[in-house]
4 protein chains.
Amino acid sequence: MASKGVNKVILVGNLGQDPEVRCTTNGNAVANLSIATSESWKDQQGQFQERTEWHRLTMYRRLAEVAGEYLRKGSQIYVEGKLQTRKWQDQQGQDRYTTEIIVDSMQMLGGREQSGGQSAPAGNQPQRGKPPASNGYQQARNGQQGNNQPIAEPDFDFDQDIPF
Amino acid sequence: MASKGVNKVILVGNLGQDPEVRCTTNGNAVANLSIATSESWKDQQGQFQERTEWHRLTMYRRLAEVAGEYLRKGSQIYVEGKLQTRKWQDQQGQDRYTTEIIVDSMQMLGGREQSGGQSAPAGNQPQRGKPPASNGYQQARNGQQGNNQPIAEPDFDFDQDIPF
Amino acid sequence: MASKGVNKVILVGNLGQDPEVRCTTNGNAVANLSIATSESWKDQQGQFQERTEWHRLTMYRRLAEVAGEYLRKGSQIYVEGKLQTRKWQDQQGQDRYTTEIIVDSMQMLGGREQSGGQSAPAGNQPQRGKPPASNGYQQARNGQQGNNQPIAEPDFDFDQDIPF
Amino acid sequence: MASKGVNKVILVGNLGQDPEVRCTTNGNAVANLSIATSESWKDQQGQFQERTEWHRLTMYRRLAEVAGEYLRKGSQIYVEGKLQTRKWQDQQGQDRYTTEIIVDSMQMLGGREQSGGQSAPAGNQPQRGKPPASNGYQQARNGQQGNNQPIAEPDFDFDQDIPF
DNA sequence: TTTT
DNA sequence: TTTT
C-alpha cells in the first residue's frame with residue numbers, strides 16, 4: 001500500500017524449462033520460473049564472449065495460473081516485478097539467501113505459435129479443460145492489487161524449496 | 001555489445017552505510033554499496049506491517065569513484081543496472097550464490113545538504129584534495145560504454161568477498 | 001485489465017510550478033503537473049550545452065489529492081506511468097495533439113524540508129485543515145487499481161484544457 | 001554526458017508500418033517508426049473497451065540502419081529511450097509540438113519468422129546486399145554513446161516532417 | 001545497515 | 001516553469 005523507495009525489475013527472456021506451479025494451503029497458486037538473458041561482446045583479445053544470466057521468478061495467484069497454462073520451456077516473456085531476497089537454512093543449518101523476482105505483471109511475446117506446444121504438458125499445472133491459446137497475446141496482472149504490494153502468503157513453506 | 005533479452009533493474013533507496021571502494025590490480029575502482037527499499041501495508045488483522053529489502057550494488061570505474069566521493073550512509077540515490085548472480089565457495093567449499101546489481105547509471109537525489117556530510121569520511125575513498133560537493137546533484141555513468149555492456153574485470157578477486 | 005504491449009515511462013524531475021488540481025463532475029480529483037529533466041554535454045566545439053525537457057503529467061484520484069497537498073514548485077519526484085496522446089481542437093478548429101504521462105505511482109524524493117514550504121499555498125488544492133507534511137516521504141498509488149489500467153473519466157472536459 | 005533527473009521510456013509494441021529511414025546530410029541514418037500498445041477493459045456498463053496508443057519513435061545511426069534492414073510492419077520490438085518534444089511550425093506559421101521517443105536501445109522480439117518477410121522491402125532502406133536475418137534476435141545500441149546522451153543532429157531538417 |  |  002505504501003512504499004519508501006523504488007524496487008523495480010524489468011526482464012525479457014526465455015524460459016529455461018516449463019513453469020512449476022503449486023498451490024498454497026489456502027488454495028492460491030504459486031509459480032516458479034527461470035528465464036535467461038544474455039549478452040555477448042568481444043574481449044580485449046578479440047575473442048567473442050557470451051554470458052548468460054538466469055533469473056528466478058515467482059508469480060502468485062492468477063498470474064501463476066496463467067503461467068502454468070500458457071508458458072512452456074522456450075517461451076519468451078516480458079516481466080515486471082521487484083527484487084526479494086529470502087533467507088533459508090541448508091541441510092547443515094547454515095543461513096543461505098536466494099534472490100528472486102516477484103512478478104507483478106507479465107506479457108507473452110512473439111505471438112502465434114511461438115509459446116507452448118512442443119514440450120509435454122507438465123503434470124503440475126491446473127487443468128481447466130482448455131487447450132493453451134493458440135496466440136501468445138495474453139497478459140496478466142494480479143487482480144486486486146497494484147504493483148509493489150506485498151502479498152501475505154504465510155502458509156507457503158518456502159523452507160522446503162530447493163535452492164535455485 | 002549485443003544482448004538477447006533485457007535485464008534491467010531500477011532502484012531508489014538510501015545507503016545503509018558508506019560505500020566501500022577498492023581498486024582492481026589494473027587500477028580501476030570498484031565500489032560496493034547496499035541500499036534499502038521498503039514497503040508497508042496492513043495485514044488481514046489490520047496490523048501495520050513493514051518489509052525492508054536490501055540490495056547489493058556494484059559500481060565500476062568512474063561511477064565507483066563518484067560513489068566514494070559523494071555518497072555516504074543515508075544518501076538517497078536512483079540507480080539503473082542489471083542483475084548478476086555470481087558463484088563463490090564458502091569456507092566448507094560449498095557453492096554459494098550472490099545476486100548483485102551491476103550499476104550502469106546513478107543519480108543522487110534530494111539536492112542541497114542531503115547527501116554526505118554527517119558521517120565521518122571513510123578511509124577507503126580515493127582522496128582528491130576536494131571536499132564532497134555540498135550539493136547532491138551529481139550524475140554519473142560509466143564513461144566509454146553504454147548500458148548492459150559487460151565489463152571485463154579479470155583481475156578482481158571476488159572470491160575474497162565477504163558474502164552479502 | 002489486459003494489455004497488448006508495454007507502455008511505461010519513468011521520470012525523476014522537479015516541478016516547474018505548483019500542481020493544478022481540479023475535480024471532475026463526479027468528484028474525482030485530477031492534477032496536472034509539469035516536471036523538468038535535463039541533460040548536458042560538450043558539443044564538437046567543446047562548448048557546454050544543456051537541454052531541458054518538460055514533461056506534462058496527469059494524476060487522478062488519491063494521487064491527485066496527494067500531489068495537491070504535498071507537492072510544490074521545485075519538489076523532486078519519481079513517477080511511473082504511461083504515455084497517452086489526446087486529440088483536441090484549437091480555436092481554428094484544427095486537430096492538435098498533446099502527449100502526457102498518466103501517472104500510476106509517485107514517490108516524493110529528498111526527504112526532510114525539501115518539498116513544499118516556500119511557495120504560497122495555491123488556492124486550488126483541496127483544503128483539509130492540515131498543513132503540508134514537513135517531511136517529503138510520502139508515496140501514493142491509485143488505490144483500487146493496478147498499473148496500466150485505463151481510468152474512465154467520461155465527465156472530465158479535456159477540450160477546455162489549455163494546450164501544454 | 002551528465003543528466004539531472006531521469007527520462008526513460010520502455011515500450012513493447014508492434015510497428016504500424018515499415019520504418020522510414022533517411023540520411024542526414026552528414027551521412028547518418030535516421031529512422032522513424034510508429035508502434036502501437038493497447039489496453040482493454042470492461043467499462044462500468046460491462047462493455048468491452050479497447051484503447052490503442054501510437055508512439056512515434058526516432059532512431060539514429062546504427063540503430064536506424066538495423067531498423068531499416070530488419071523491421072517491417074507488424075514486427076514486435078522492445079525499445080528503451082527518452083521523451084523529447086520538438087517544436088515546429090505548421091503551414092499557418094503556428095507553433096506546434098510533437099513528442100517522440102528517442103530510442104537508445106532496441107530488441108527484436110518473437111524470434112523466428114515473425115519479423116520482416118511479408119511486406120515488400122521499402123525503397124528507402126539502405127541496401128546492403130544481405131537479406132533480412134531469418135531469426136529475429138538482433139539487438140542494437142548506438143555504438144559510441146551511453147543512454148540519455150544528446151545527439152547533435154544540426155543538419156537534419158525536422159521542419160519538413162509531416163506531423164505525427 | 002538506510003529512510004520516514 | 002524546475003533543479004544544480
Side-chain angles (χ1 to χ4, degrees), chain A residues 2-7 85, chain B residues 11-20 32-40 48 50-57 70-79 107-119 122 132-140 162 164, chain C residues 11-20 32-40 48 50-57 70-79 107-119 122 132-140 162 164, chain D residues 2-7 85:
Chain A
S3 290
K4 255 171 354 196
V6 172
N7 175 358
T85 298
Chain B
L11 301 172
V12 172
N14 297 275
L15 273 70
Q17 49 191 257
D18 289 354
E20 293 170 28
N32 284 289
L33 301 84
S34 69
I35 69 169
T37 58
S38 67
E39 44 189 1
S40 53
F48 179 83
E50 183 169 34
R51 181 187 166 99
T52 294
E53 199 65 39
W54 287 96
H55 309 273
R56 180 181 174 86
L57 310 183
Y70 297 106
L71 300 182
R72 294 291 176 272
K73 177 176 174 173
S75 297
Q76 189 184 34
I77 56 172
Y78 168 96
V79 293
Q107 285 272 322
M108 295 175 69
L109 300 174
R112 303 190 185 122
E113 86 316 343
Q114 185 250 0
S115 296
Q118 285 85 334
S119 91
S134 63
N135 100 40
Y137 277 110
Q138 300 297 329
Q139 192 266 2
I162 294 155
F164 182 54
Chain C
L11 301 172
V12 172
N14 297 276
L15 274 70
Q17 49 192 258
D18 288 356
E20 293 169 28
N32 285 288
L33 301 83
S34 69
I35 69 169
T37 57
S38 68
E39 44 189 1
S40 53
F48 178 83
E50 182 169 33
R51 180 187 166 99
T52 295
E53 198 65 39
W54 286 97
H55 309 273
R56 180 181 173 85
L57 311 182
Y70 296 107
L71 300 182
R72 294 291 176 270
K73 177 176 174 173
S75 298
Q76 189 185 34
I77 56 172
Y78 167 98
V79 294
Q107 285 273 323
M108 294 174 70
L109 300 175
R112 302 187 188 123
E113 87 315 343
Q114 184 251 359
S115 297
Q118 286 85 331
S119 89
S134 62
N135 98 41
Y137 277 110
Q138 300 298 328
Q139 192 266 1
I162 295 155
F164 182 53
Chain D
S3 290
K4 255 171 356 196
V6 171
N7 175 359
T85 298

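A note on names: the letters A, B, ... follow the listed sequences, proteins ahead of strands, and every chain is numbered from 1. Since this is a predicted model, take the numbers as computed values, not measurements.
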Checking contacts here: which listed nucleotide (dT1(F), dT2(F), dT1(E)) is nearest the side-chain heavy atoms of Ala36(C)?
dT2(F)
If you look at every heavy atom in Leu15(C) and Leu33(C), which pair is closest and at what distance?
CD2-CD2, 3.6 Å
In whole angstroms, the gap separating P of dT3(F) from CD of Glu50(C) amounts to 13 Å
Roughly how many Å is it from CZ in Arg51(B) to C1' in dT1(E), rounded to a whole number?
16 Å
How close or far is atom C1' of dT3(E) from atom NE2 of His55(B), stated in whole angstroms?
13 Å
Does any N or O donor sit under 3.5 Å from an N or O acceptor when you compare the side chain of Thr52(C) with the base of dT2(F)?
yes
Does the side-chain ring of Trp54(C) sit on the six-membered ring of the dT1(F) base, less than 5.5 Å centre to centre and under 30° in tilt?
yes
Here the distance between atom C1' of dT1(F) and atom CG of Leu57(C), to the nearest Å, is 13 Å
Closest of dT2(F), dT1(F), dT2(E) to the Gln17(C) side chain is dT1(F)
The criterion is side chain to side chain donor-acceptor pair (under 3.5 Å); which residues satisfy it with Thr85(A), sequence neighbours excluded?
Thr99(A)
Taking the side chain as C-beta and beyond, is there a heavy-atom pair between Val12(C) and Gln107(B) under 4.5 Å?
no
Asn14(C) vs Lys4(D) side-chain heavy atoms within contact, under 4.5 Å:
no
Hey, does the side-chain of Lys4(A) have a donor or acceptor N/O within less than 3.5 Å of a partner on the base of dT3(E)?
yes
Starting at atom CD1 of Ile77(C), determine the distance to atom C1' of dT1(F), rounded to an integer number of angstrom.
14 Å
Grab the CZ-C1' distance between Arg72(C) and dT1(F) for me, whole Å please.
16 Å
dT3(E) P sits how many Å from Asn14(B) CG, rounded?
7 Å
Measure from CG on Asp18(C) to C1' on dT1(F) and round the result to the nearest Å.
11 Å
